[in-house]
S.K.: 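Pasting in a structure now, in structure tokens, and then I'll have a few things to ask.
These numbers come from a predicted model, not from an experiment. All residue numbers refer to positions in the sequence shown, counting from 1.
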Amino acid sequence: MTEKGRSDYNEASLGMANEVVKIANDKLATGMHPLDIASAIRHAGANFTAFAYAQGTDDAVDTASVMKEFQEWLEYYDKHHQEKKHGH
């Protein structure tokens with residue numbers, strides 16, 4: 001899963017992803033609905049991705065690449081959580 005040669009599975013990005021998940025879990029503990037939390041994270045991700053492209057490149061957002069990467073991660077984690085839920 002890469003975006004223009006950048007690996008999204010490195011120590012820095014994994015660490016930051018875990019920080020975001022911690023924030024989400026903290027919000028979950030306050031009673032916020034998990035789908036509302038997920039929506040907020042997607043909103044923030046879209047906002048920051050657009051910002052990153054605007055600041056880090058002269059190119060428009062590579063929507064196809066970003067969407068493909070999101071789909072790959074979503075399917076990976078869906079499988080992980082479904083197996084965990086069903087005790088596999």
S.K.: Within this structure, what is the CD1-NZ distance for the pair Ile41 and Lys27, rounded to the nearest 0.5 Å?
M.R.: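 Between Ile41 CD1 and Lys27 NZ, I get 11.0 Å after rounding to 0.5 Å.
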S.K.: Do the side chains of Val21 and Trp73 join up, straight or via other hydrophobic residues, at under 4.5 Å, putting them in one cluster?
M.R.: no
S.K.: Working to the nearest 0.5 Å, report the span between OG1 of Thr49 and CE of Met67.
M.R.: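 It is 10.5 Å, given to the nearest 0.5 Å.
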S.K.: Has the side chain of Ser65 got a donor or acceptor atom that lies under 3.5 Å from a matching backbone atom of Asp62?
M.R.: no
S.K.: Supply the atom-to-atom distance Tyr77 OH to Lys84 NZ, rounded to the nearest 0.5 angstrom.
M.R.: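 If we round to the nearest 0.5 Å, Tyr77:OH and Lys84:NZ are 11.5 Å apart.
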S.K.: To the nearest 0.5 angstrom, please state how far the CG atom of Asn10 sits from the CE atom of Met16.
M.R.: 12.0 Å
S.K.: Side chains of Ser39 and Asp36: any donor to acceptor distance under 3.5 Å?
M.R.: no
S.K.: Does atom CE of Met32 have more than 12 heavy-atom neighbours, drawn from other residues, nucleotides or ligands, at distances under 6.0 Å?
M.R.: yes
S.K.: Distance from Gln71 atom CD to Asp78 atom CG, nearest 0.5 Å?
M.R.: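 Atom-to-atom, Gln71:CD and Asp78:CG are 11.5 Å apart.
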S.K.: Nearest 0.5 Å please: distance from the CD atom of Gln82 over to the NZ atom of Lys79.
M.R.: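 Result: 12.0 Å between the selected atoms.
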S.K.: Counting only heavy atoms not in His43 (residues, nucleotides, ligands), do more than 12 fall under 6.0 Å from its NE2?
M.R.: no
S.K.: Start with the C-alpha distance between Lys85 and His81, add both sets of side-chain angles, then the distance that settles side-chain contact (heavy atoms from CB on, under 4.5 Å), and finish with yes or no.
M.R.: CA-CA 6 Å; Lys85 178 180 176 181; His81 289 292; over 6 Å; no
